[in-house]
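Below is one structure, written out as structure tokens; the observations come after it.
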Amino acid sequence: FKITNNNISVSVSFTVDTTNALKQELENLQEKILEEFLNDWADAVLFEARRLLYRGKIENSRDPVNRGAFDLGGLARESLVIRTGDDEREVRFTSIYALATEYGRPAGSMPPVKPIMEWAKRNGLRNPKKAAWAIAIKMKKEGTVPRPFLRQAVLSVERRLQEIFDDTLKRF
């Protein structure tokens, strides 16, 4: 600082270190931001898929009672995000029911009866075993329509990618 004739003048000088250490630190920060963004993106897809499973409408649903709401069973709980590579994340649903829900079931394939029986019990059907077998036989005969929840979740989150990225950057 210099003070001359009641005037204050400030001069600042600095040197930017362009060594390999600084370059490495910037690359590490970039990698951390990317990793956090991928984690946030995958978590958002998982959260949205779970939300749709609990409260969303099933595309092509003919369910007159719940107006297309998904079954409140265990499908949403049987889900997780897996890191499949440095720059890859995968949202997985571990239940075989997830594939049948997302893509439908072709006629001619018999679904497992036990999950249907559990659904029948949760929904208070008088004879869950008998109802489950009747439903399974009908599903085998007619198949089921696709009710995509994961694709819908991905599309919903895709619209918010900039917001997710901005939120990730705020943490750094």
Side-chain angles (χ1 to χ4, degrees), residues 30-126 128-129 131-140 142-172:
Q30 182 179 346
E31 289 172 15
K32 288 176 186 175
I33 291 170
L34 176 61
E35 182 174 347
E36 286 300 308
F37 171 65
L38 291 172
N39 290 339
D40 293 348
W41 184 1
D43 287 345
V45 170
L46 179 61
F47 179 81
E48 180 66 11
R50 286 176 174 171
R51 188 189 69 76
L52 289 169
L53 286 169
Y54 280 121
R55 299 195 321 234
K57 286 204 167 253
I58 298 175
E59 189 176 303
N60 301 321
S61 175
R62 295 186 193 130
D63 179 2
V65 176
N66 298 314
R67 288 167 288 162
F70 282 91
D71 175 27
L72 302 179
L75 182 56
R77 288 187 300 273
E78 297 177 21
S79 57
L80 64 151
V81 173
I82 295 190
R83 181 181 177 159
T84 56
D86 285 343
D87 59 351
E88 295 177 1
R89 304 296 181 273
E90 188 175 301
V91 175
R92 284 193 189 164
F93 285 80
T94 57
S95 170
I96 59 168
Y97 179 57
L99 285 174
T101 302
E102 183 77 15
Y103 297 105
R105 178 183 296 281
S109 69
M110 184 70 168
V113 178
K114 185 178 178 187
I116 301 170
M117 196 177 320
E118 290 168 359
W119 172 86
K121 287 177 187 175
R122 282 193 308 275
N123 286 282
L125 273 67
R126 194 173 307 144
K129 186 175 182 178
W133 276 101
I135 292 169
I137 290 169
K138 182 175 179 172
M139 289 170 77
K140 179 181 178 184
E142 298 177 10
T144 61
V145 296
R147 298 172 294 176
F149 63 94
L150 191 53
R151 285 178 281 175
Q152 187 173 339
V154 168
L155 291 173
S156 295
V157 170
E158 221 172 50
R159 286 181 250 145
R160 297 181 22 237
L161 279 182
Q162 186 64 53
E163 174 191 333
I164 293 168
F165 184 71
D166 291 346
D167 289 345
T168 302
L169 282 180
K170 287 177 187 174
R171 294 198 305 268
F172 287 89

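Computed over heavy atoms, backbone and side chain alike; hydrogens, waters and symmetry mates excluded. Quick caveat, the model's predicted, so the values are computed rather than measured.
Considering all non-hydrogen atoms of both residues, Ala100 and Thr144 come closest at O-OG1, 4.1 Å. Residues Leu52 and Gln152 come closest through the heavy atom pair CD2-NE2, 3.6 Å. Between Ala49 and Phe93, the closest heavy-atom pair is CB-CZ, 3.8 Å. Contact record, Glu142 with Ala107: C-CB, 3.9 Å, taken as the closest heavy-atom pair. Nearest heavy-atom pair across Val91 and Ala42 is CG2-O, 3.7 Å.
Taking the charged nitrogens against the carboxylate oxygens, Glu35 and Lys32 have no contact shorter than 4.0 Å, which rules out a salt bridge.
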Give the intermediate values and the outcome of side chain to side chain contact (heavy atoms under 4.5 Å, CB included) for residues Met110 and Ile137.
CA-CA 7 Å; Met110 184 70 168; Ile137 290 169; 4.3 Å; yes
Kindly indicate, with the supporting measurements, whether the criterion side chain to side chain contact (heavy atoms under 4.5 Å, CB included) is fulfilled by Tyr97 and Arg105.
CA-CA 10 Å; Tyr97 179 57; Arg105 178 183 296 281; 5.7 Å; no
Between Phe47 and Asp43, does a side chain to side chain contact (heavy atoms under 4.5 Å, CB included) hold up when you go through it step by step?
CA-CA 6 Å; Phe47 179 81; Asp43 287 345; over 6 Å; no
Verify side chain to side chain contact (heavy atoms under 4.5 Å, CB included) between Leu161 and Phe37, making sure each step is shown before the conclusion.
CA-CA 9 Å; Leu161 279 182; Phe37 171 65; 4.1 Å; yes
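One finds the OG atom of Ser109 at 9.0 Å from the NZ atom of Lys140 (value rounded to the nearest 0.5 Å). Taken from CZ in Phe149 to CG in Leu53, the straight-line distance is 5.0 Å, to the nearest 0.5 Å. To the nearest 0.5 Å, the span separating CG on Leu46 from CZ on Arg92 amounts to 12.5 Å.
The backbone N or O of Val157 sits nowhere less than 3.5 Å from a side-chain atom of Glu48 that would complete a donor-acceptor pair.
Residues passing the side-chain hydrogen bond (donor to acceptor under 3.5 Å, both in side chains) test with Glu158, sequence neighbours excluded: none.
Taking a 6.0 Å sphere around CD of Gln30, one finds it holds 12 or fewer heavy atoms contributed by other residues, nucleotides or ligands.
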Can I get a per-line list of side-chain donor-acceptor pairs under 3.5 Å for residues 165-172, giving both atom names and the distance, sequence neighbours left out?
unit_1 : atom_1 : unit_2 : atom_2 : d
Asp166 : OD1    : Gln162 : NE2    : 2.9
Thr168 : OG1    : Asp40  : OD2    : 2.7
Thr168 : OG1    : Ile164 : O      : 2.9
Arg171 : NH1    : Asp40  : OD2    : 3.1
Arg171 : NH2    : Glu36  : OE1    : 3.2
Arg171 : NH2    : Asp40  : OD1    : 3.3
Arg171 : NH2    : Asp40  : OD2    : 2.7

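Using a 4.5 Å cut-off on side-chain heavy atoms (C-beta onward), Met139 and Ile116 make contact. The shortest distance between side-chain heavy atoms of Leu150 and Thr101 does not fall below 4.5 Å.
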